Structures are given as structure tokens and as C-alpha cells.
Amino acid sequence: MSTNLKGKARVAEIFRRLADATPEPKTELEFANAYQLLVAVVLSAQATDKGVNKATRTLFAKVKTPADMLALGEESLTEHIKTIGLFRAKAKNVMGLSRLLVQQHGGEVPHRRDQLEALPGVGRKTANVVLNCWWGEPTMAVDTHVYRVAKRLGLSTGTTPRAVEDDLLRIIPQTYLRHAHHWLILHGRYTCTARAPKCATCPLSDLCPSAGKLSSN
DNA sequence: CTCCCGATAT
DNA sequence: ATATCAGGAG
């Protein structure tokens, strides 16, 4: 952290650089509509996007709506997602949320946090992803990457995803909020990795209090 | 807090 | 071999 920037100026510079590197960041999950996005995000818990995409490529060719999923059935869904971790619980949740979407939301994905979080397998983080990725709302989904990167960069000292989310929403300039969570995810996935962060080639190293420390925060 | 749980990177 | 991967429910 050699660059002499502090407080709001340092935070702004961090996101200015991330924005410069990836002007229009987007999720690496593959989907063709809001329902498929929701399912993909539920399946992505503790799994890689690549692994989820491999499974959903064949699944989403057949299943485009919650009604399609009910018609497919849990047994068949389980077969499609067997290569993804936690597949039994996820299959049950996806069937449950699909049933609820048909019964209570006319087969549509609700545009409201409380209605999203009422769906089985959907918590705050998943709801935040759908609200941001589909409707472009300035939410901050705190996943494993965002949590790690935010703490290493000293953007938050929170010890829960919710605390980190609140800190980030407070300190990130409005203009960057819409894309902030994708920037932090991409940075965490490819540069500020969990085990061996690439500080030597990191574009933020001069702004980062953890640069070169090789801990895991 | 524990459980869920296969694929991949290190 | 084992840490990690777009977490959530009980």
C-alpha cells in the first residue's frame, strides 16, 4: 500500500480501476431468462460457475419455466445436477421453489426481496444476485469472494456477510454500486484468490493493506 | 453451530 | 491430501 490515498479517495480509486479493467462486468452463469438465472444461482452455492454451467447446459435446453421443471420431476433433475456439490438438497429446493412460483406467482420470478427470500433455497445473497443481475438494482450480494476481497482491501471489518454488505453499501460511491459486486467477484476469482493471491500482478496492490501478506484474512 | 457434497486447484 | 467453490436450512 504505497499510494498515499485514504478514506473515500482510496475507495473511489479502487473502483475506478476495476471499472477501467472491466467496463461492463456480468455474471459468468449461463441463463436465458429470470427463472433460469434464479435456478443457476441456487445451484451455484459452494460450487464453481463452470461446474454449474456444465450441468445447466443440458438442463436448460429442456427446462425454461417452473412448469417445465415440475414436469421434469425431482428424479430427473437430480440426474442432471449430480456433478454439482450438495445436489440432493439443491434438487429439493429447486423443485420447491418452482412449485411455489407456479402456485403463488403465476410462474414468474418475483421482483421483491421478501418474496424471493420466501422461496426454498433462496437467502439474502441469492436474492441480491437476482435483483442486481436481472433488474439492475444496486444490491451488494456478499458471497465468498466479495467477503474475502472486501476484508483484504480493508473495505470492511465485519464478521458476517450482512455486516460486510452494509459496510460496502455505505462506502462505495453511488455510480459504482450497480457493478460493484461483479467487480469484486471477478477480482476475487482471478486475482485476489483465496489460497495464493496474485499480489505481484494485482492492479490494486498499492491500495491494499493486505498486499504481500499471504495470510487468508 | 452442523449438515449438505462433487469437481477442481493447489 | 486438502482447501475451495456466486450459501441456505434446521
Side-chain angles (χ1 to χ4, degrees), chain A residues 18 22 25-31 34-60 74 77-100 109 113-152 156 158-165 168 178-201 214-217:
Chain A
L18 293 175
T22 314
K26 56 182 182 178
T27 175
E28 294 182 353
L29 291 170
E30 296 168 2
F31 60 93
Y35 172 67
Q36 290 186 344
L37 168 63
L38 175 61
V39 172
V41 178
V42 168
L43 295 179
S44 72
Q46 298 292 288
T48 61
D49 282 12
K50 286 180 183 176
V52 172
N53 288 337
K54 191 185 300 179
T56 57
R57 204 161 303 147
T58 59
L59 176 66
F60 288 169
E74 186 170 336
L77 170 60
T78 301
E79 284 304 311
H80 275 282
I81 67 173
K82 253 183 183 165
T83 55
I84 304 175
L86 317 181
F87 67 92
R88 274 183 283 268
K90 287 172 181 177
K92 207 167 293 293
N93 284 333
V94 168
M95 292 310 292
L97 72 84
S98 298
R99 202 171 299 120
L100 214 154
V109 176
R113 173 186 301 287
D114 60 329
Q115 293 178 337
L116 286 168
E117 291 187 18
L119 300 169
V122 180
R124 188 176 182 86
K125 177 261 171 181
T126 297
N128 277 334
V129 172
V130 172
L131 289 172
N132 180 268
C133 291
W134 190 255
W135 282 286
E137 294 188 11
T139 59
M140 268 301 320
V142 177
D143 58 41
T144 184
H145 297 301
V146 172
Y147 186 86
R148 180 181 68 249
V149 171
K151 298 196 71 166
R152 283 184 178 163
S156 174
T159 54
T160 66
R162 184 58 192 273
V164 172
E165 175 184 339
L168 292 176
R178 184 183 295 280
H179 295 309
H181 102 268
H182 277 132
W183 284 322
L184 294 178
I185 285 170
L186 292 173
H187 184 65
R189 185 176 294 161
Y190 298 113
T191 302
C192 194
T193 51
R195 282 221 218 168
K198 301 167 172 56
C199 300
T201 57
L214 196 48
S215 58
S216 261
N217 238 359

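Remember, it's a predicted structure, so these values are computed and weren't measured experimentally. Below, chains carry the letters A, B, ... as their sequence lines are ordered, and counting in each starts from 1. Keep in mind that the numbers below use all heavy atoms, side chains included, and drop hydrogens, waters and symmetry copies.
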Task: Distance, rounded to the nearest Å, where L29(A) contributes CG and dC5(C) contributes P - done: 15 Å

TODO: Would you mind classifying the nucleic acid contact of G51(A) as base, sugar-phosphate or nothing, using non-hydrogen atoms under 4.0 angstrom?
DONE: nothing

Open item on the list: Output the rounded distance in Å from CG (D143(A)) to P (dC5(C)).
Closed with: 9 Å

- [ ] Would you indicate what L184(A) reaches in the nucleic acid, counting non-hydrogen atoms under 4.0 angstrom: base, sugar-phosphate, or nothing?
- [x] nothing

Open item on the list: Looking at K198(A), I want to see if its NZ is surrounded by more than 12 non-hydrogen atoms of other residues, nucleotides or ligands under 6.0 Å.
Closed with: yes

Open item on the list: Can you measure K92(A) atom NZ to dG10(C) atom C1' for me and round it to whole angstrom units?
Closed with: 14 Å

TODO: Without swapping roles, check the side chain of N53(A) against the backbone of E30(A) for a donor-acceptor pair under 3.5 Å.
DONE: yes

Open item on the list: Nearest whole Å is fine: how far is dG7(C) P from L38(A) CG?
Closed with: 15 Å

Open item on the list: Both V41(A) and L119(A) contact DNA chain C. Which one's nearest nucleotide lies toward the 5' end?
Closed with: V41(A)

Task: Rounded distance in Å between the P positions of dA3(C) and dT2(B) - done: 16 Å

TODO: Grab the two heavy atoms, one from I84(A) and one from A47(A), that are nearest each other, plus how far apart they are.
DONE: CG2-CB, 3.9 Å

- [ ] Would you kindly say whether Y147(A) and S156(A) are connected by a side-chain donor-acceptor distance under 3.5 Å?
- [x] no

Task: Expected output: side-chain T193(A) to main-chain A196(A) donor-acceptor under 3.5 Å - done: yes

Open item on the list: Taking only the P atom of each, what is the distance from dG10(C) to dC5(B) in whole angstrom?
Closed with: 14 Å

- [ ] Can you check each nucleotide of nucleotides 4-10 of chain B against protein heavy atoms at under 4.0 Å and return B for base, S for sugar-phosphate only, - for none, in 5' to 3' order?
- [x] BBBSSBB

- [ ] Verify the contact: side-chain N or O of R148(A) to OP1 or OP2 of dC5(C), cut-off strictly under 4.0 Å; return yes or no.
- [x] yes

Task: Side-chain donor/acceptor of R124(A) to backbone N/O of R162(A), under 3.5 Å - done: no

Open item on the list: With a 3.5 Å distance limit and no angle check, can you tell me whether K90(A) reaches the backbone of A45(A) through a side-chain donor-acceptor pair?
Closed with: yes

Open item on the list: Between G121(A) and T27(A), which residue's closest nucleotide on DNA chain C lies nearer the 5′ terminus?
Closed with: T27(A)

Open item on the list: So V122(A), base contact, sugar-phosphate only, or nothing? Heavy-atom distance under 4.0 Å.
Closed with: sugar-phosphate

